[in-house]
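Chain letters run A, B, ... following the sequence lines, proteins first, then strands; residues in each count from 1.
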Amino acid sequence: MNIVRFAPSPTGNVHIGNIRTAIFDWLFARKTKGKFLLRIEDTDKERSTREAIDRLLECMEWLGIDYDDDIFYQSSQEDAHRDAAKRMMEEQNAYYPNVENSDLPKPIIFRIPWNSESYQNVRIVGNVELNVCADKPVEITQGGVKFSYLNEKNKVVENFFALAGYRKLRLFGSDDTLVFEIENHIDEVLKDNKNFTFNGCKKIAYERREVFYNDMIKGELSKPLDSMKDFVILRSDGTPVFHLANVCDDITQKVTHIIRGDDHVENTYKHIFLFDVLHYPIPKYAHMPMIVNQSGKPYSKRDGDAFVGDFKEKGYLPDALFNYLSLLGWSPGDNREKMSRKEMIEAFGLDRVKSAPAQFDVVKLQNMNGLYMAELEDSAFLDMARREASKQGWGEAVDKEVFEKVAMLMKTRTKIISQVSDWKYFFFDNSPLFDMSTEYNLSSKSFPYDDKALKKAFKEETFIKAIASFRDNIEKQQQLECPADFEAVIRDTEKQCSLSEGKLNQSLRVALTGSTSGANLADTMFILGRERTCARIEKLLTIILSSKF
RNA sequence: GUUCCCAUCGUCUAGAGGCCUAGGACACCAGGUUUUCAUCCUGGUAACAGGGGUUCGAAUCCCCUUGGGAAUACCA
């Protein structure tokens with residue numbers, strides 16, 4: 001059975017990059033009928049908080065990302081981590097660093113294994129010869145090989161990488177004589193902790209090897225061993241560092257597939273050795289592309305906008321966010337975009353995940369959200385709208401029944417619930433342009449005109465005259481008891497002004513709402529009523545005739 | 001500095017050597033929206049980063065360049 005895990009560290013707010021990783025892990029687990037485990041990596045006690053954990057859990061629940069088994073807290077595993085480090089020491093896969101002042105507590109450092117020709121993930125790639133700077137010493141210690149060489153730009157580059165990167169290392173003096181052969185002295189370095197320093201060396205030669213693995217998303221990836229360093233696994237205070245804890249826990253939790261962000265590929269090369277040394281088969285790896293923000297930069301926890309909870313706060317629907325995020329770096333391969341969980345699970349596969357980073361686009365998210373909004377039950381939508389209007393500070397001020405009517409009219413064209421602020425033109429007449437003297441001092445405007453729409457709608461004088469006639473007709477009209485009555489007046493006015501049917505719609509809409517899109521015009525007028533309809537037209541005429549636009 | 005990764009419209013993407021005059025979605029622009037009325041409709045602009053190969057044929061394979069990103073911690 002496949003076992004995957006989502007392993008966030010609760011040191012801040014979960015951002016969309018994190019949660020997108022969780023989504024892919026979850027999708028993979030559900031698709032393959034495996035397990036999706038949640039592990040909280042709280043070993044950084046300074047920065048981990050209970051609050052962050054609670055918020056994370058809340059976000060996951062909101063998005064419907066359910067996990068199997070109990071939550072696994074990494075902090076509960078410290079003994080296991082220390083044991084593992086101890087075992088590595090015993091098996092000489094780890095060591096204490098050489099330091100002058102030996103009274104201080106020492107960390108434990110993991111050694112990239114010297115003897116790794118039997119490792120399935122290590123291979124020889126060729127022989128290397130480098131001209132070293134003779135005026136700089138070549139040092140060989142437990143920690144690795146240190147020397148300096150001249151790069152292509154003739155700059156001195158200092159090199160210090162793990163011992164394991166230098167199998168068959170040979171050092172040559174200025175007269176090309178062999179001064180040192182590492183294979184003859186390796187036990188002295190490894191076991192007796194002996195150091196070698198050579199001055200005046202001219203050339204260094206060794207066999208280059210590399211670690212490699214097959215990434216389920218990115219294909220075969222590799223890294224030369226002479227670009228890797230030994231690394232600390234247990235701090236001098238006895239606490240485990242990320243690499244150790246992470247790998248130990250994956251072993252404890254029997255994780256089979258590690259699906260995580262791109263920023264971990266480099267760690268993978270280290271972890272492969274750790275798994276090996278701990279005698280555990282290397283899991284399958286899949287590294288997902290990062291999500292970048294509007295300016296094309298990677299999201300960090302500092303990006304306030306990216307906190308998942310904020311999307312909830314702003315009124316996004318969880319299914320919409322989930323759906324949108326799943327489409328960042330993955331696609332089902334056909335033209336489907338809006339998909340149910342079931343469809344996504346069925347279509348999901350790591351082989352279809354891209355390896356290029358994806359930019360987060362709020363506008364498209366909003367559109368996706370609108371698709372989900374339209375599917376909401378009327379009552380659920382109404383509840384959301386009421387809450388939102390209250391939150392915006394005007395919900396209590398309006399008639400409940402009218403509000404309900406408006407909500408039903410606007411439901412299918414609401415992309416995100418905060419757009420209920422656009423409905424204010426149904427209720428209020430005050431705005432910079434529409435100063436109808438009502439007491440209305442809310443911070444946001446009720447309905448400023450769309451300038452472009454205004455110009456377009458009244459480009460021709462006919463329309464100015466026509467809406468004036470319409471106002472006259474409405475004032476005269478006895479029967480105005482349903483939207484159809486308004487509709488009839490619109491049609492009559494069109495005839496009267498020799499306009500073809502429907503031609504007057506746009507101008508009237510702009511006059512009444514300030515915008516080119518909205519609910520059905522007659523419905524809108526019916527809700528506004530005779531008085532306000534006339535008053536708005538009157539006001540607009542004043543504006544136009546005084547050439548304010 | 002070193003190592004590694006990435007590159008199709010503004011954005012998300014389709015693309016497995018010939019179905020590509022490069023498809024879809026969002027955004028944008030232009031029109032239209034009386035009827036049975038909205039997840040409004042119709043149309044349009046817009047991309048294979050550049051240069052070399054390989055091949056009868058390249059968005060697709062190889063190399064180089066450029067540009068972006070990551071890692072290089074006693075953070076995770």
Side-chain angles (χ1 to χ4, degrees), chain A residues 7-12 41-44 46-48 74 97 105-109 151 153 155-161 210 215 218-219 221-229 231-243 245-246 261-270 287 289-292 294 296-298 301 324 327-338 352 354-368 370-375 409 411-415 456 487 490-491 494 499-506 509 516-523:
Chain A
S9 61
T11 54
E41 301 211 333
D42 54 350
T43 44
D44 184 346
E46 296 287 300
R47 298 191 299 145
S48 298
Q74 187 159 72
K106 289 174 176 174
I108 292 181
I109 298 173
N151 73 359
K153 290 169 190 161
K155 253 180 103 176
V156 177
V157 177
E158 194 186 75
N159 231 40
F160 178 51
F161 292 107
E210 64 182 13
D215 194 282
K218 302 172 94 73
L221 258 27
S222 61
K223 187 177 176 70
L225 256 39
D226 57 329
S227 70
M228 291 183 74
K229 280 180 175 160
F231 52 95
V232 171
I233 49 174
L234 207 69
R235 296 187 190 96
S236 37
D237 66 0
T239 58
V241 325
F242 164 72
H243 304 293
N246 191 265
D262 232 351
D263 48 337
H264 282 293
V265 283
E266 294 283 322
N267 293 333
T268 304
Y269 303 112
K270 297 178 181 173
H287 287 95
M290 311 295 280
I291 298 181
V292 297
Q294 243 87 32
K297 298 286 172 200
K301 283 177 181 170
Y324 176 72
L327 257 23
L328 248 34
W330 174 79
S331 80
D334 45 40
N335 285 334
R336 279 181 298 168
E337 288 199 337
K338 182 170 178 297
R352 291 203 55 82
K354 297 223 321 173
S355 52
Q359 193 172 334
F360 186 83
D361 180 7
V362 204
V363 181
K364 183 142 185 172
L365 201 217
Q366 281 186 9
N367 184 269
M368 180 66 78
L371 301 182
Y372 280 88
M373 285 288 239
E375 283 184 350
L409 242 33
K411 181 182 155 193
T412 53
R413 55 196 108 223
T414 302
K415 287 185 172 180
K456 191 181 156 190
E487 176 94 40
I490 304 176
R491 303 286 85 88
E494 282 166 344
L499 288 166
S500 54
E501 283 192 1
K503 280 287 176 194
L504 197 50
N505 285 3
Q506 200 70 318
R509 182 186 296 285
T516 51
S517 65
N520 177 282
L521 192 54
D523 287 334

Could you tell me whether the side chains of A:Asp215 and A:His287 share a donor-acceptor contact shorter than 3.5 Å? yes
I'd like to know if the side chain of A:Asn267 pairs up with that of A:His264 as donor and acceptor (distance under 3.5 Å, no hydrogens or angles considered). yes
Looking only at atom C1', what distance separates B:rG51 and B:rA59, rounded to whole Å? 16 Å
Between protein and nucleotides 64-71 of chain B, what N or O pairs are separated by less than 3.5 Å?
unit_1	atom_1	unit_2	atom_2	d
B:rG69	OP1	A:Lys297	NZ	2.3

Residue pair A:Lys218 / A:Ser355, side-chain heavy-atom distance below 4.5 Å: yes
Would you call A:Glu375 and A:Lys338 a salt bridge, taking side-chain N to carboxylate O under 4.0 Å as the test? yes
Does any donor-acceptor pair link the side chain of [X] with the base of [N] at a separation under 3.5 Å?
| X | N | value |
| --- | --- | --- |
| A:Gln506 | B:rU33 | yes |
| A:Ser355 | B:rC5 | no |
| A:Glu158 | B:rG1 | no |
| A:Lys364 | B:rA25 | yes |

Please list, pair by pair, any protein nitrogen or oxygen found under 3.5 Å from a nitrogen or oxygen in nucleotides 40-50 of chain B.
unit_1	atom_1	unit_2	atom_2	d
B:rC40	OP2	A:Thr412	O	3.2

Could I get the full list of side-chain contact (heavy atoms from CB on, under 4.5 Å) partners for A:Ala519, not counting sequence neighbours? A:Leu409, A:Met410, A:Arg413, A:Thr524
N/O-N/O pairs, protein side and nucleotides 17-22 of chain B side, under 3.5 Å:
none

Using Watson-Crick or G-U wobble geometry with both distances under 3.5 Å, which nucleotide pairs with [N]?
| N | result |
| --- | --- |
| B:rA7 | B:rU66 |
| B:rG44 | B:rC28 |
| B:rG1 | B:rU72 |
| B:rU33 | none |

Given that A:Glu487 and A:Asn505 both sit by RNA chain B, which one's nearest nucleotide is further toward the 5' end? A:Asn505
Which is more 5' along RNA chain B, the nucleotide nearest A:Pro240 or the one nearest A:Leu327? Just name the residue. A:Leu327
Which value, rounded to the nearest 0.5 Å, describes the distance between A:Leu504 atom CG and A:Leu499 atom CG? 6.0 Å
Could you tell me if A:Lys229 sits above the aromatic ring of A:Phe160, with its cationic atom closer than 6.0 Å to the ring centre and no more than 45 degrees from the axis? no
What does the list of N/O pairs under 3.5 Å between the protein and nucleotides 14-16 of chain B look like, with a distance for each?
unit_1	atom_1	unit_2	atom_2	d
B:rA14	OP1	A:Ser331	OG	3.3
B:rG15	OP1	A:Arg352	NH1	3.1
B:rG15	OP1	A:Arg352	NH2	3.4

Checking A:Phe161 now: which residues fulfil ring-ring contact (aromatic ring centres under 6.0 Å, His included) with it, not counting sequence neighbours? none
